[in-house]
Every structure is written in structure tokens, then in C-alpha cells.
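Chain A is the first sequence line, chain B the second, and so forth, proteins listed ahead of strands; every chain is numbered from 1. Everything quoted here is computed from the prediction, not taken from an experiment.
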Protein chains: 2
Amino acid sequence: MAARRARTTHTRDTTINDIAKAAGVSKATVSRVINGVPTVNEQIAQRVRDVIDELGYTPSQTARSLSLGVSRTVGVLVPDLGNPMFHQVLNGFNRAAARDGYHVVVTDSFEDADREAALAKDLRDRTDAVALFAPRMTRENLLALLPKVAPVAVFNRTTGKNAGSVLIDYHEGILLLARHLIDLGHRRIAFLSGPAYARSNWERERGLAEMREAVPDVEIIDVACGHSFEDGYNAWPAVREMAATAVIAFNDVVALGLLGRLAEEGVSAPAQLSVAGFDDIPFSRYSSPSLTTVTSRLSEIGTRIWEVLRAEMTDTPIREPIMFSPELAARGSTKEIR
Amino acid sequence: MAARRARTTHTRDTTINDIAKAAGVSKATVSRVINGVPTVNEQIAQRVRDVIDELGYTPSQTARSLSLGVSRTVGVLVPDLGNPMFHQVLNGFNRAAARDGYHVVVTDSFEDADREAALAKDLRDRTDAVALFAPRMTRENLLALLPKVAPVAVFNRTTGKNAGSVLIDYHEGILLLARHLIDLGHRRIAFLSGPAYARSNWERERGLAEMREAVPDVEIIDVACGHSFEDGYNAWPAVREMAATAVIAFNDVVALGLLGRLAEEGVSAPAQLSVAGFDDIPFSRYSSPSLTTVTSRLSEIGTRIWEVLRAEMTDTPIREPIMFSPELAARGSTKEIR
DNA sequence: CTGAAAGCGCTAACAC
DNA sequence: GTGTTAGCGCTTTCAG
């Protein structure tokens with residue numbers, strides 16, 4: 001006698017077996033109908049479809065994935081779903097993936113570098129591939145993780161060709177901004193730095209360091225800040241204290257936070273203080289004053305990430321890092337020094 | 001002789017079988033070790049763990065889910081990941097779910113009402129339950145979908161007790177805003193309406209209609225607008241034309257777009273025009289002027305949605321709609337009429 | 001305490 | 001054209 005069922009609770013209401021039974025065919029036939037295999041008698045196919053409708057059956061994607069070995073789903077791990085910058089990228093990624101018939105599921109790591117590896121693996125264990133957006137973990141951890149979650153593409157971190165990668169050239173971007181401000185006559189510039197663990201911050205710092213060397217008569221002062229509105233808002237006292245005439249914020253979100261504070265304090269921007277951001281999120285175009293920032297084609301970047309990930313899924317990965325150079329978007333928040 | 005394998009490509013690199021073989025035990029034992037069943041000889045358990053580490057094995061969540069019948073994962077369908085309002089809610093939801101040991105995957109419907117049902121079903125077919133955030137589909141379609149994706153909880157749409165639901169009281173919120181403006185002396189108010197398919201818009205319209213009856217001497221004029229920055233930005237000509245002294249935007253994003261335009265046009269807010277939003281997204285606190293809006297405890301709402309969904313997964317669902325009343329956040333963008 | 005084997009729901013040989 | 005059956009990778013009963 002066969003052993004009893006291994007579990008007590010049924011998961012699914014109706015399964016392919018129920019359909020088969022109800023339609024008086026085998027489950028192979030039901031499967032064929034579902035998957036549109038053309039060699040099925042139209043009469044029977046119709047009957048099966050009717051039964052499916054009637055019973056409101058949808059195939060278990062889990063079972064399907066297990067059997068097929070693929071799910072046509074990819075995962076994206078994002079450090080902060082609250083940052084509009086990632087949306088733009090995600091949007092491009094999503095659309096490109098959808099065009100290729102893939103679903104995308106995203107999970108937020110809430111900037112918690114320690115949870116990233118586990119989240120990525122879990123994500124990968126239920127999808128065909130993962131894209132890591134701006135992972136916060138150390139390089140060492142990242143390199144260790146990569147092989148475990150392959151196929152994998154990473155955005156905004158270098159991978160030493162252990163995975164496909166697409167990056168924004170932050171180094172170039174910050175230089176654009178610094179030159180812009182210097183050209184406007186500023187000689188004392190504050191940099192509201194971002195999280196120490198972010199590559200996007202290191203690269204900016206590196207650019208600034210070069211600038212200091214190249215133009216010794218301008219002072220570029222680091223102010224530890226962060227990545228959020230609040231961080232920008234709270235940075236004001238430090239900025240005032242150092243009597244800078246211009247500030248480069250870690251990103252637009254921070255810049256907007258500072259701008260809000262300035263308005264409250266009655267400090268007029270850009271008349272009394274020029275402010276620049278980074279990323280060109282949608283809000284910055286419409287802020288008051290509109291925000292000078294550097295802009296990348298975020299949505300296109302998302303598309304490229306998808307392409308890179310897609311390539312990782314084949315046997316011809318694109319391992320050469322793809323670098324996007326930002327452009328200066330000079331707007332109302334920066335101005336010549338009188 | 002047994003039939004050949006049904007497929008040609010292997011999916012997984014290492015499976016539980018490989019571990020079992022390498023450790024010289026049965027896969028049942030490996031499974032026990034993985035799941036921390038205490039009745040395993042510590043010696044053996046350790047050996048298995050070593051092998052797992054060495055081979056870098058992680059169990060297939062797909063297979064696990066299929067076997068277990070549950071995945072401890074829930075899906076969230078969001079109409080627009082670009083709207084910061086949803087983030088706040090998502091954030092609360094995520095944290096609450098994580099506390100209960102659940103993963104959450106989110107997918108964006110890009111405001112496409114027609115794709116929602118399919119996306120929701122697909123999501124549901126790979127998770128244990130789904131939360132529908134502000135679905136855009138018709139009520140009829142929603143009611144038809146609900147049973148197909150149960151357990152399900154819905155945010156910001158009524159479900160006629162066919163599913164758990166939590167809602168923001170938009171009707172009350174808009175009244176708060178209208179009264180605020182009327183108290184400030186405004187008698188000609190423009191309402192930048194949102195998408196016709198959104199309940200959040202109907203409810204606002206309903207409140208406004210009541211207001212018109214109650215206070216006949218004030219004019220509240222509808223201006224078809226939308227839900228995005230651009231929509232707000234582009235609404236200016238229409239608003240100017242009707243010579244309103246105050247405007248209530250569909251939401252903060254729209255209000256911020258309008259504010260940006262006003263700055264460009266040299267129209268000072270609130271001196272020449274009072275502007276109010278809805279939702280209290282983080283940006284609105286720091287805009288210039290800071291935005292008058294109505295605020296709900298978005299993150300707490302997320303938590304409640306989780307609780308409702310959790311209850312749906314048990315046999316004691318919470319079908320009574322949970323209504324959150326917003327509060328007025330009067331800030332700089334609205335002002336007494338001179 | 002451990003192993004053998006059935007079964008989760010589906011797909012795809014293979015045989016008829 | 002359709003049914004039978006093995007197998008995807010895991011969990012869990014049941015026997016030993």
C-alpha cells in the first residue's frame with residue numbers, strides 16, 4: 001500500500017488534476033491546452049478551456065517554475081524605494097523586462113547593508129536572475145555574493161568583471177558641478193557628503209579631491225550629511241557656520257531638504273547661497289528655485305541594466321562596465337557670486 | 001529501465017541531493033539540518049553544514065514552496081511606484097511583514113488598470129497572499145478578482161466585505177482642506193481633479209459637492225488635471241483663467257508641480273494664490289513655500305494593511321473596513337485672502 | 001536518529 | 001492526437 005500523503009493541508013483549491021478529471025482528459029492534455037500546444041483537438045481544447053473558466057483555475061506558478069526550471073521572473077534589490085532616483089531606473093528596467101516577457105519583483109533592503117546578501121539570495125532562489133541596485137555592502141561581501149546569485153547584474157557598483165555592471169560616472173558628474181560653481185565665481189564651497197558606505201559618495205569625494213589640487217584657491221569643505229531630506233534640512237547650521245557661498249549636496253533629495261530649510265530661515269537661494277544637487281529627480285525641475293543638478297538618462301540606464309542582466313542569462317555576458325556620463329543641468333538654484 | 005529525464009537543462013547547480021551524497025547521508029537528513037530539526041546527531045549535522053558551506057548551497061525556494069504549500073512571501077501590487085505616498089505605506093507594510101517573518105515582493109502596474117488583474121493573479125500564484133494598493137480597475141472587475149486572489153487585502157478601495165480593506169477618508173480630508181480655505185476667506189477655489197478612475201478622486205469630488213451645497217456663496221470649480229508633477233505644472237493656465245484665489249490639488253505631487261510653475265511665472269504663493277495638496281509626502285514639508293496638505297499616518301496604515309492581510313490568511317478575517325481620518329497640516333502655502 | 005519513498009502541481013518525453 | 005509516467009527539488013510520514 002502506498003504511503004499516506006506527506007502533509008495534511010491542501011494548498012490549492014483546484015489543480016490541473018481537477019481540470020483533467022472534470023474535462024475527462026489527462027493532465028498532459030490540460031497542460032497542452034494551457035500552453036497553447038497546437039496539436040490538440042479543438043473540440044477537446046474548448047472543453048478544457050470551458051472547465052478552466054468555470055472552475056476559475058490558474059496554474060501554480062511555483063509548480064510550473066519548478067518543472068520548467070525557470071520562472072521568467074527576475075528580482076531587483078533596491079536600497080531605498082523611497083528615493084525617486086531608483087524609480088526612474090526601475091521604470092526603465094521594468095519596461096524593458098516586460099517587453100521580453102519577464103516579470104519583475106522588487107524588494108527593499110532599507111539601506112541595511114547587513115541584510116542585503118540574505119535578501120538577494122532569497123530573491124534569487126525564487127527568480128531566474130537578480131539585479132542589485134547600488135548595493136551598500138562592502139566590496140568584499142559583494143564579490144563573495146556575486147557567484148552565489150548569478151546570473152546577476154549590478155547597478156552603480158564595480159564588480160571587477162565578476163558580473164555585468166552599469167554605472168553612473170559620479171566622478172565626472174561632481175566635476176561638472178564643481179566647475180560650474182567655480183565658473184560662477186564661488187571660492188568657498190560646501191559639499192554635503194552622503195553615506196560613507198556608498199560608492200556614489202566615494203566617487204564624488206575623489207572628484208572633489210582632484211579639484212582641490214587643480215584649483216588650490218578654492219576651498220571645498222566636506223560636511224558630513226546623509227542621503228535624506230532631513231539630512232539636508234539639518235545641514236544648514238553647519239553650512240552657515242563655514243560661510244560657504246555655494247553648496248553641492250550629495251543628491252537632489254538632500255539639496256531639496258536644504259532648500260526647504262533656507263526658505264524657512266529667510267535665506268534666499270541662489271542670491272545668498274547657491275545650491276546644487278545630483279540625480280535630477282523629477283521634483284528638482286519644479287522646486288523653487290529650480291534645482292541645478294546633474295542629469296543622467298535614468299530610464300535608459302534601467303533599460304541597459306536589463307540588457308546586461310539578459311546577457312548574463314545567456315552564455316555571452318557583457319562584463320565590460322557600462323558607464324553613463326551625466327550632464328550638467330544648470331537651473332535656478334545656482335548663480336554668479338556678486 | 002526508467003524513462004529518461006524529462007528535460008535537458010539542469011536548473012540548479014547544487015541540490016539537496018548533491019549535499020546528501022557529499023555528506024554521505026540521505027536528503028531527509030539534509031532537510032532536517034536545514035530546517036533545524038533538533039533530533040539530528042550533532043556530528044552528522046555539523047558535517048552536513050560543512051558540506052553546505054563548502055558547496056555554497058541554498059535550497060530552492062520554489063521547490064520548498066511547492067512542497068510546503070506556502071512561501072511565506074506576499075505580493076503587493078502598486079499602481080505607481082513613483083508616488084512617494086505609496087512608499088510610506090509600503091514601508092510600514094514591509095516592516096510589519098518582516099516582523100512576522102514574511103518577505104514581500106512588489107510589482108508596479110504603471111497605472112494600467114487593464115493589466116492589474118493579470119499582474120495580481122500572477123503575483124498571487126507565486127505568493128501566499130496579495131495586497132492591492134489603490135487598484136485602478138472598475139469595481140466590477142475588482143469584485144470579480146478578489147475571490148481569485150484571496151487571501152487579499154485592499155488599500156483605498158472598498159470591497160463590500162469581500163476582502164479586508166483599509167482606507168483613507170478622502171471625503172473627510174477634502175472637507176478639512178475646503179473649510180480651511182473658506183475660513184481663510186477664499187470664495188473662489190479651484191480643484192485640480194485627479195484621474196477619473198480613482199476612488200481617491202471620487203471621494204474628493206463627493207466632499208466638494210457637499211461643500212458647494214452647504215456654502216452656496218463659495219465657488220469650487222473643477223479643473224481636470226491628473227496625478228503627476230507635469231499635470232500640476234500644466235494646470236496653471238486654466239487656474240489663472242478662472243481667477244481662483246486658492247487651489248486644492250488632487251495630491252501633493254500635483255500641488256508641487258503647480259508651485260514650481262508659479263515660481264517660474266513669478267506668481268507668489270501664497271500671497272497671490274493659496275495652494276493646498278493632499279497626502280503629506282515628505283517633500284511637501286520642505287517645499288518653498290511649505291505645502292498645506294492633509295496628513296495621514298501612512299506608515300501606520302501600512303502596518304494595518306499587513307494586519308488585515310495576515311488576518312485574511314487565517315480563518316478570522318477582518319472584513320470591517322478600516323478607515324483612517326486625515327488631519328489638516330496647515331503650512332506656508334495657504335494664507336488669508338487680503 | 002536515520003533512510004526510503006510519496007507527494008506538492010506541473011511539463012515533456014515516449015508510446016500507442 | 002492523447003495518455004502514461006518520470007522528474008523538477010524539496011518536506012514529511014512511516015518503518016526500522
Worksheet item: According to the interplanar angle, ranging from 0 to 90°, do the rings of B/Phe133 and B/Phe93 count as parallel (below 30°), tilted (30 to 60°) or perpendicular (above 60°)?
Response: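 B/Phe133 and B/Phe93: perpendicular rings.
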Nucleotide [N], atom [atom2] - distance to [atom1] of [X] in whole Å:
X	N	atom1	atom2	result
A/Ile16	C/dG7	CD1	C1'	16 Å
B/Arg47	C/dT2	CZ	C1'	12 Å
B/Lys21	C/dG3	NZ	P	14 Å
B/Gln43	C/dT2	CD	C1'	15 Å
A/Leu68	D/dG7	CG	P	17 Å
A/Leu66	D/dG7	CG	P	14 Å
B/Ile19	D/dC10	CD1	P	9 Å
B/Lys27	D/dG9	NZ	P	9 Å

Worksheet item: Near DNA chain D, which residues from residues 29-37 of chain A have a heavy atom under 4.0 Å away?
Response: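 Heavy-atom contacts with DNA chain D come from A/Thr29, A/Arg32.
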Worksheet item: Only one of B/Gln61, B/Arg64, B/Arg126 clears side chain to side chain contact (heavy atoms under 4.5 Å, CB included) with A/Arg126; which?
Response: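 Testing A/Arg126 for a side chain to side chain contact (heavy atoms under 4.5 Å, CB included) against B/Gln61, B/Arg64, B/Arg126 leaves exactly one candidate, B/Gln61.
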Discussion item. Exactly one of B/Val166, B/Asn156, B/Leu167, B/Ile322 should register a side chain to side chain contact (heavy atoms under 4.5 Å, CB included) with B/Ile301. Which one does?
Written reply: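 That would be B/Val166; it is the only one of B/Val166, B/Asn156, B/Leu167, B/Ile322 passing the side chain to side chain contact (heavy atoms under 4.5 Å, CB included) with B/Ile301.
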Item to complete: Tell whether B/Thr62 reaches the base of D/dG9 with its side chain through a donor-acceptor pair below 3.5 angstrom.
Response: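 For B/Thr62, whose side chain was compared with the base of D/dG9, there is no donor-acceptor pair (under 3.5 Å).
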Item to complete: Give a yes or no on whether a salt bridge exists between A/Asp128 and A/Arg72, defined as a side-chain N under 4.0 angstrom from a carboxylate O.
Response: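 No, this pair does not count.
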Worksheet item: Any ion pair linking B/Arg49 and B/Glu42 (charged N to carboxylate O, less than 4.0 Å)?
Response: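 Yes.
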Worksheet entry | Residue pair A/Leu66 / B/Ala63: nearest heavy atoms and the distance that separates them |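 The pair with the smallest heavy-atom distance is CD1-CB, 3.8 Å.
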Is the closest side-chain heavy-atom distance between [X] and [Y] below 4.5 Å?
X	Y	value
A/Trp306	A/Asn94	no
B/Arg124	B/Pro151	yes
A/Ile168	A/Phe155	yes

Worksheet item: What residues in residues 117-127 of chain B put a non-hydrogen atom under 4.0 Å from any atom of DNA chain C?
Response: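 DNA chain C contact set from residues 117-127 of chain B: none.
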Worksheet item: Does anything in residues 151-166 of chain B pair up under salt bridge (charged side-chain N to carboxylate O under 4.0 Å, His left out), and if so which pairs, sequence neighbours excluded?
Response: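 Every pair satisfying salt bridge (charged side-chain N to carboxylate O under 4.0 Å, His left out) with a residue in residues 151-166 of chain B: B/Lys161-B/Glu320.
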Worksheet item: What residue pairs, at least two apart or across chains, pass salt bridge (charged side-chain N to carboxylate O under 4.0 Å, His left out) with a residue in residues 136-156 of chain B?
Response: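 For residues 136-156 of chain B: B/Glu111-B/Arg136.
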Worksheet item: Is the shortest side-chain N/O distance from B/Ser67 to OP1 or OP2 of D/dC10 below 4.0 Å?
Response: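 It does not, given that no N or O in the side chain of B/Ser67 lies less than 4.0 Å from OP1 or OP2 of D/dC10.
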Discussion item. Looking at A/Arg64, I'd like to know whether one of its side-chain N or O atoms comes within less than 4.0 Å of OP1 or OP2 on C/dT11.
Written reply: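 Checking A/Arg64 against C/dT11: at least one side-chain N or O falls below 4.0 Å of OP1 or OP2.
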Worksheet item: Any idea which of D/dT2, D/dC10, C/dC10 is nearest the B/Ala63 side chain?
Response: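 So the nucleotide nearest the side chain must be D/dC10.
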Practice prompt. Please give the angle, rounded to 10 degrees, between the axes at the start and the end of the helix from C/dC1-D/dG16 to C/dC16-D/dG1, where five pairs define each axis.
Written response: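 Here the helix ends are tilted 50° relative to one another.
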Worksheet item: Of all residues at least two apart in sequence or in a different chain, which pass the salt bridge (charged side-chain N to carboxylate O under 4.0 Å, His left out) check with B/Glu307?
Response: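 Partners of B/Glu307 under the salt bridge (charged side-chain N to carboxylate O under 4.0 Å, His left out) test: B/Arg304.
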